[in-house]
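The structure appears right after this line, and notes come after that.
Please read all numbers here as calculations on a predicted model, not as lab measurements. Chain naming here is simple, since letters A, B, ... match the order of the sequence lines and numbering starts at 1 in each. Note: hydrogens, waters and symmetry copies are ignored here, and every other heavy atom, side chains too, is used.
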Amino acid sequence: GDSVTQMEGPVTLSEEAFLTINCTYTATGYPSLFWYVQYPGEGLQLLLKATKADDKGSNKGFEATYRKETTSFHLEKGSVQVSDSAVYFCAQGGSEKLVFGKGTKLTVNP
Amino acid sequence: KAGVTQTPRYLIKTRGQQVTLSCSPISGHRSVSWYQQTPGQGLQFLFEYFSETQRNKGNFPGRFSGRQFSNSRSEMNVSTLELGDSALYLCASSPLGQGREAKNIQYFGAGTRLSVL
């Protein structure tokens with residue numbers, strides 16, 4: 001069945017460091033791909049999305065490119081801030097159902 | 001536009017009881033999905049409703065049920081609660097109900113945290 005695998009962390013970085021969180025998926029078709037972020041005590045917020053191969057999603061300095069050949073959607077940011085500390089979830093699907101990875105907890109220290 | 005609203009935010013129940021959680025979607029959204037989030041299993045899909053009909057169901061026992069009303073508001077019910085049902089229950093709404101297009105993004109509420117004692 002459909003699944004998403006992402007590095008579970010936790011990941012601890014210093015402010016202004018480069019961030020990569022790996023995400024790969026298995027699917028029968030060509031799903032839409034998403035990154036959601038969850039801050040403590042809150043629900044999920046959509047960070048970025050991509051709907052087809054080679055699409056690049058971007059938001060707030062974060063980027064991810066839909067790579068069909070490697071079935072991947074890695075999240076990157078060139079310079080993280082303390083305010084980026086949160087749990088990041090990779091997901092595939094659409095309005096009917098989302099399949100999530102286990103989440104990666106990111107802590108950014110000043 | 002108001003976001004997805006879930007009530008209550010926190011709930012404490014005892015084993016064997018039943019519970020009903022409520023979700024009001026973003027105005028105009030017709031698709032509502034429910035997810036269970038636990039530290040061990042992560043985020044798991046429960047079910048999805050569109051126009052008062054359940055279209056998708058995850059792999060949960062029959063104790064978990066839901067419904068959607070004509071105004072798109074949704075409720076989920078868990079009967080005969082078990083300790084393992086303690087979790088954050090998240091509701092999400094989506095503007096369209098067909099296909100996997102980019103605009104069918106799911107918007108999440110803050111969740112209801114259920115503790116079963």
Applying a strict 4.5 Å limit to non-hydrogen atoms, the region of B/R9 in contact with chain A is side chain
Exercise for the section: Answer yes or no: is there a side-chain heavy-atom contact under 4.5 Å between A/Y36 and B/Q106? Expected result: yes
For this session: Verify the neighbour count for atom CD of B/Q54: are there more than 12 heavy atoms of other residues, nucleotides or ligands below 6.0 Å?
Result: yes
**Asked** Going by heavy atoms in the side chains, are B/Y35 and A/L98 under 4.5 Å from each other?
**Response** yes
Just wondering, are more than 12 heavy atoms of other shown residues or ligands nearer than 6.0 Å to CG in B/N59? no
Exercise. Give a yes or no on this: more than 12 heavy atoms of other residues, nucleotides or ligands lie within 6.0 Å of atom CZ of B/R113.
Key: no
Do A/V99 and B/Q44 have side chains that approach each other closer than 4.5 Å (heavy atoms only, starting at C-beta)? no
Residue pairs passing the side chain to side chain donor-acceptor pair (under 3.5 Å) test with at least one member in residues 39-48 of chain A, sequence neighbours excluded, are A/E42-A/Q45
Side-chain touch B/F108/A/L46, heavy atoms, less than 4.5 angstrom: no
Note to self: Just checking A/K105: does its NZ atom have more than 12 heavy atoms from other residues, nucleotides or ligands closer to it than 6.0 angstrom?
What the structure shows: no
So does B/R15 have more than 12 non-hydrogen atoms from other groups sitting under 6.0 Å from CZ? no
Whatever's closer than 4.5 Å to a heavy atom in chain A on B/Q37 counts as side chain
Cut-off 4.5 Å, heavy atoms of chain A, and the answer for B/L43 is both
